[in-house]
Amino acid sequence: MKKISYLFLAFIVALMTSCGVVPDVQPVPEDLSLPVADGTLDVAFTDSLTNKTGTVTAASGDNVNVSVIIKKTATAGKPKIMRVFIATQANYRGKTDQPLFEIDLKNRAEQTQTIDYTVSPTTGKVYIHCDVYDNNNKVTRKTLIVNVSSEAQIASWQNVTLGAQNNAAASRFASATGDLYKVCDLDSNKINIGYVDITYAADKITAKPIFLSNPRRAVLNFSTTIPSSNTVCGGGSTAGGTSTYFVAAPSTVDFAAANDAVLGALVIPTTAEDIIAEVGKTYAFLNGRNKKGLIKVISIVQGADGKITFDIKVQK
């Protein structure tokens, strides 16, 4: 019976074709699933940004800045290229989609790269796929999910500690990502210098603790050449970066309650790239990315080998 049915179907198709009627053939849908990630590099977002959840919240127009730590493993080649793709559906990417941008990685076993994405959708989710290729052309993928909010967001960091110039701790901070930088972090990856907006030192003349921009360090005679005694990056440079301006915050500003509207209303003259820091005081800043923020000082250990601890809020 089945054989007769098949023969009848074939007869109908042949008849339709001979009469000039072409059967409606449905197109094969494009495969929009993510390309296979077959690499074995160790790729992770900095814990300070995502708190290990792999998600952030931002509004349309906000900047999402995320640092990616890339490490070679025993079974992977050295990192070669990072390509960043944007999608608005989970597990999706067209085969012909072009990356938002790509970064040629340094030929080294470990490095940190920072990416910058301005949110455009007004609702839903955005998927930022960071595809890292090793020198065997194997891909390791790390995806950041951005939950799109209707309200502009801020980034908040608590208990940030920076060391003064003779302290071994990190002396530089990127408020966009929450990352701390030691001198070798800057020398090995100059792309990150643009994100460093707050540095700390003890003034060379007064010994008072000060916040200052990275370019201001050279003006105040802090060395921008890494000592040759540094076995990791001796002789390198920590110069460069963009200006950050500081001012004492108005007494009417409540740090704990500050949101994007409060930060946006701050008046910060583009005059002072350094300011004396005092425990319990709150300072406003405007960075080179045109974002405003507040710093609340928690504690200070005085001196060139001392340190400062503070909380911070900044616009995304």
Give me the one residue out of Lys138, Arg141, Lys142 that meets salt bridge (Lys or Arg N to Asp or Glu O under 4.0 Å) with Asp131. Arg141

Is it the case that more than 12 heavy atoms not belonging to [X] sit under 6.0 Å from its [atom1] atom?
X: Lys80; atom1: NZ; value: no
X: Lys307; atom1: NZ; value: no
X: Lys208; atom1: NZ; value: no

Does any N or O in the side chain of [X] come within less than 3.5 Å of the main-chain N or O of [Y], such that one atom is a donor and the other an acceptor?
X: Asn167; Y: Ala164; answer: no
X: Lys291; Y: Lys316; answer: yes
X: Thr73; Y: Thr40; answer: yes
X: Lys281; Y: Ala249; answer: no
X: Lys292; Y: Gly264; answer: yes

pair Cys130-Val43: side-chain heavy atoms closer than 4.5 Å: no

To the closest 0.5 Å, what do you measure between [atom1] ([X]) and [atom2] ([Y])?
X: Asp179; Y: Trp157; atom1: CG; atom2: CH2; value: 7.5 Å
X: Ile81; Y: Asp134; atom1: CD1; atom2: CG; value: 10.5 Å
X: Thr244; Y: Asn287; atom1: OG1; atom2: CG; value: 5.5 Å
X: Glu151; Y: Asn259; atom1: CD; atom2: CG; value: 8.5 Å
X: Thr112; Y: Ile69; atom1: OG1; atom2: CD1; value: 5.0 Å
X: Tyr200; Y: Gln165; atom1: OH; atom2: CD; value: 8.5 Å

Membership question, hydrophobic clusters at under 4.5 Å side-chain separation (ILVMFWY): are [Y] and [X] in the same one?
X: Val84; Y: Leu41; value: yes
X: Val132; Y: Phe101; value: yes
X: Leu180; Y: Ile312; value: yes
X: Val148; Y: Leu144; value: yes
X: Phe45; Y: Val146; value: yes

If you measure from the Lys or Arg side-chain nitrogens to the Asp or Glu carboxylate oxygens, is any gap between Asp311 and Lys296 under 4.0 Å? no

Do you see a donor-acceptor pair shorter than 3.5 Å between the side chains of Ser67 and Thr114? yes

No-hydrogen, no-angle side-chain donor-acceptor test under 3.5 Å, Glu273 and Ser243: yes

Applying side chain to side chain donor-acceptor pair (under 3.5 Å) to Thr309 and Thr161, what does each step give before you reach the verdict? CA-CA 4 Å; Thr309 300; Thr161 298; 2.9 Å; yes

Please report the C-alpha distance between Asn147 and Lys125 in whole Å, then the side-chain angles of each, then the deciding distance to 0.1 Å, and finally whether the side chain to side chain donor-acceptor pair (under 3.5 Å) criterion is met. CA-CA 5 Å; Asn147 295 309; Lys125 296 179 184 291; 2.5 Å; yes

Audit row: Val126, Tyr117, side chain to side chain contact (heavy atoms under 4.5 Å, CB included) steps and yes/no: CA-CA 10 Å; Val126 175; Tyr117 166 69; 3.8 Å; yes

Just say parallel, tilted or perpendicular for the rings of Phe246 and Phe211, cut-offs at 30° and 60°. parallel

Using the rule given for salt bridge (Lys or Arg N to Asp or Glu O under 4.0 Å), can you reason through Asp116 versus Arg289, listing the C-alpha separation, both sets of side-chain angles and the distance that settles it, and then say yes or no? CA-CA 11 Å; Asp116 186 352; Arg289 303 169 67 76; 2.3 Å; yes

Could you walk me through whether Thr238 and Tyr181 pass side chain to side chain contact (heavy atoms under 4.5 Å, CB included), step by step? CA-CA 11 Å; Thr238 60; Tyr181 293 98; over 6 Å; no

Which Ile, Leu, Val, Met, Phe, Trp or Tyr residues join Tyr245 in one cluster when any pair of side-chain heavy atoms under 4.5 Å counts as a link? Ile154, Val247, Val253, Phe255, Val262, Leu263, Leu266, Ile268, Leu286, Leu294

Can you list the steps and then say if Asp197 with Thr242 is a side chain to side chain contact (heavy atoms under 4.5 Å, CB included)? CA-CA 7 Å; Asp197 49 6; Thr242 58; 5.9 Å; no

Can you confirm if the NZ or CZ of Arg217 lies within 45° of the ring axis of Phe222 and under 6.0 Å from the centre of its six-membered ring? yes

